[in-house]
Amino acid sequence: MLRFAILPLLLGSALVQADPLTLGVVLGQEESFADQDTSQRYRAFAKDIEKSVGQPVRLQFYKRGFTAIKHAKDGTLDIVFGPSQVIANIGKFKFEPILKSDEMTAASFVAGPHYKGTLSAKSGAKLGVPDYESLMGGIARSEINSRGLAKSDFAEIKFHRMPEAPLYGLKLGRYDLAVASAEEAKTWTTANGGRIVSTSASVPLRALSVQTEKVSANAQQKLVE
């Protein structure tokens, strides 16, 4: 559920005359274009934004964050609602996050029951990670980079489209370390043994970011009221 305080305005004919803005929504791994409830929820969200800013809003769905980032760069998008790693990447294109979801999440690196190492240089660990462009995949990559680690410090780093695949691989002994949400990591270690070797800082699950040269300061203020 989207929990943003967006103030509706009485627009009259101004909405028709104003230039349209394009809202890009990056769907979560559990969301689908074909799901009617998902479509209706985001269309209602776009209408709320439209009423607040006093301009027509076109809605564009994205399954891959990379495509949304590319379109933000080339000026196709004016507003983006998506996971933290997408919002962080579009900041270099004069996008400014103005709203964030109440829900927070973090990524944990989980060691299998027989692995005694840690997330460190020259560990030689086999690491399973969720999809490269997913929120967990993005947080994991940031965590690895922040520690000054490189691909060469691992025997293998494998990204998976299916978010549950890294922990499944860990259970089978395919990996020494796997990345999952902090909540999933706690549940998995309780049921399967092993241990959590590192957990990232918490980040908002989703956020709304606007292109500051296209969305006026007045419109931004109305969005956050």
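Since we're looking at a predicted model, the values are computed, not measured.
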query: Any side-chain heavy atom of Val26 within less than 4.5 Å of one from Pro83?
result: yes

query: Pick from Ile69, Thr22, Val86: which one makes a side chain to side chain contact (heavy atoms under 4.5 Å, CB included) with Val80?
result: Val86

- prompt: Phe45 and Val57: same hydrophobic cluster, using ILVMFWY side-chain contacts below 4.5 Å?
  reply: yes

- request: Write down the atom of Val110, the atom of Ala185, and the distance for their closest heavy-atom approach.
  value: CG2-CB, 3.5 Å

message: Quick one: does any side-chain atom of Thr67 pair with a main-chain N or O of Lys63 as donor and acceptor, under 3.5 Å?
response: no

message: If the threshold is 4.0 Å, N to carboxylate O, is there a salt bridge linking Glu225 and Lys222?
response: no

query: Would you say Thr212's side chain and Lys94's backbone share a donor-acceptor pair under 3.5 angstrom?
result: yes

task: Consider only side-chain heavy atoms of I, L, V, M, F, W and Y, link residues closer than 4.5 Å, and tell whether Leu99 and Val203 are in one cluster.
output: no

- request: Would you name the heavy atoms of Ser52 and Leu223 that are closest together and state the gap between them?
  value: CB-CD2, 4.1 Å

- request: Could you pull out the closest heavy-atom pair between Thr199 and Ala182, with the gap in Å?
  value: CG2-CB, 4.3 Å

task: With the side chain counted from C-beta on, respond yes when Ile49 and Leu208 share a heavy-atom pair under 4.5 Å apart, and no when they do not.
output: yes

task: Go through Phe154 and Ser123 one step at a time and tell me if the side chain to side chain contact (heavy atoms under 4.5 Å, CB included) criterion holds.
output: CA-CA 6 Å; Phe154 299 88; Ser123 67; 4.1 Å; yes

field: Side chain Glu143, main chain Ser200, donor-acceptor under 3.5 Å
entry: no

query: Below 4.5 Å, heavy atoms only, C-beta onward: do Ile196 and Phe109 meet side chain to side chain?
result: no

- prompt: Tell me, do Met104 and Pro204 make a side-chain contact under 4.5 Å, heavy atoms counted?
  reply: yes

- prompt: How far does CG of Leu59 sit from NZ of Lys47, to the nearest 0.5 angstrom?
  reply: 10.5 Å

- request: Just grab all the side chain to side chain donor-acceptor pair (under 3.5 Å) pairs involving residues 70-82, residues at least two apart or on different chains.
  value: Tyr62-His71, Asp74-Thr76, Asp78-Lys214

- request: Can you see which heavy atom on Ser101 is nearest to which on Leu205, and at what distance?
  value: OG-N, 3.4 Å

message: Between Glu156 and Arg174 (salt bridge meaning N to carboxylate O under 4.0 Å), is one present in this structure?
response: yes

- prompt: side chain to side chain contact (heavy atoms under 4.5 Å, CB included) between Glu164 and Leu167: does it pass, once the steps are laid out?
  reply: CA-CA 6 Å; Glu164 64 273 17; Leu167 286 178; over 6 Å; no

message: With heavy-atom distances below 4.5 Å as the criterion, would you say the side chains of Val179 and Phe159 are in contact?
response: no

- prompt: Do side-chain atoms of Arg58 reach the backbone of Gly24 as a donor and acceptor pair under 3.5 angstrom?
  reply: no

- prompt: Is the number of heavy atoms from other residues, nucleotides or ligands under 6.0 Å of Glu30 CD greater than 12?
  reply: yes

- prompt: Under a 4.5 Å cut-off applied to non-hydrogen side-chain atoms, are Leu23 and Gln60 in contact?
  reply: no

query: Does the side chain of Asp35 pick up a donor-acceptor pair with the side chain of Thr38 at under 3.5 Å?
result: yes

query: Between Asp19 and Pro56, which heavy-atom pair has the shortest distance, and what is it?
result: O-CD, 3.8 Å

query: Backbone N or O of Asp131 within a donor-acceptor pair of the Ser134 side chain at under 3.5 Å?
result: yes

task: Determine yes or no for a side-chain-to-main-chain donor-acceptor pair under 3.5 angstrom, with Glu96 supplying the side chain and Val210 the backbone.
output: no

message: What's the separation between atom OG1 in Thr189 and atom CD in Glu184, rounded to the nearest 0.5 Å?
response: 11.5 Å

message: Apply salt bridge (Lys or Arg N to Asp or Glu O under 4.0 Å) to residues Asp153 and Arg147 and explain how you reach the verdict.
response: CA-CA 11 Å; Asp153 289 309; Arg147 291 170 177 257; over 6 Å; no

task: Heavy atoms only: give me the nearest Ala111-Val197 pair and the separation to one decimal.
output: CB-CG1, 3.7 Å

- prompt: Are the aromatic rings of His160 and Tyr175 close, with centres under 6.0 Å apart?
  reply: yes

message: If you apply the rule side chain to side chain contact (heavy atoms under 4.5 Å, CB included), what do you find for Gln85 with Leu135, and how did you get there?
response: CA-CA 6 Å; Gln85 83 278 10; Leu135 179 56; 3.3 Å; yes

- request: For the pair Arg206 (side chain) and Asp102 (backbone), establish whether a donor and an acceptor sit closer than 3.5 Å, ignoring hydrogens and angles.
  value: no

task: Report yes or no: do Tyr168 and Tyr115 belong to one cluster of Ile/Leu/Val/Met/Phe/Trp/Tyr joined by side chain heavy-atom distances under 4.5 Å?
output: no

- request: Could you tell me whether the side chain of Leu27 reaches within less than 4.5 Å of the side chain of Val25, counting heavy atoms only?
  value: yes

- prompt: Atom CG in Leu119, atom CG in Leu127: separation rounded to 0.5 Å?
  reply: 7.5 Å

message: One pair to check against salt bridge (Lys or Arg N to Asp or Glu O under 4.0 Å): Arg141 and Glu133. What are the steps and the verdict?
response: CA-CA 10 Å; Arg141 288 187 285 112; Glu133 294 185 41; over 6 Å; no

message: Is it the case that atom CZ in Phe93 sees more than 12 heavy atoms from other parts of the structure closer than 6.0 Å?
response: yes

statement: Sequence neighbours excluded, the answer for side chain to side chain contact (heavy atoms under 4.5 Å, CB included) partners of Ala155 is Lys126

- line: Output for pair (Asn89 CG, Ser209 OG), nearest 0.5 Å, gives 11.5 Å

message: side chain to side chain contact (heavy atoms under 4.5 Å, CB included) for Ile139 and Ser84? Distances and angles first, verdict last.
response: CA-CA 9 Å; Ile139 297 175; Ser84 297; 6.0 Å; no

message: If we count only N and O atoms by modelled type, under 3.5 Å, do the side chains of Ser181 and Thr105 hold a donor and an acceptor together?
response: no

- prompt: Is there a path of hydrophobic side-chain contacts, each under 4.5 Å between heavy atoms of I, L, V, M, F, W or Y residues, that connects Val224 with Leu21?
  reply: yes

task: Decide, yes or no, whether a salt bridge links Glu31 with Arg41 under the criterion of side-chain N to carboxylate O below 4.0 Å.
output: yes

query: Do Ile87 and Phe81 have side-chain heavy atoms sitting under 4.5 Å apart?
result: no

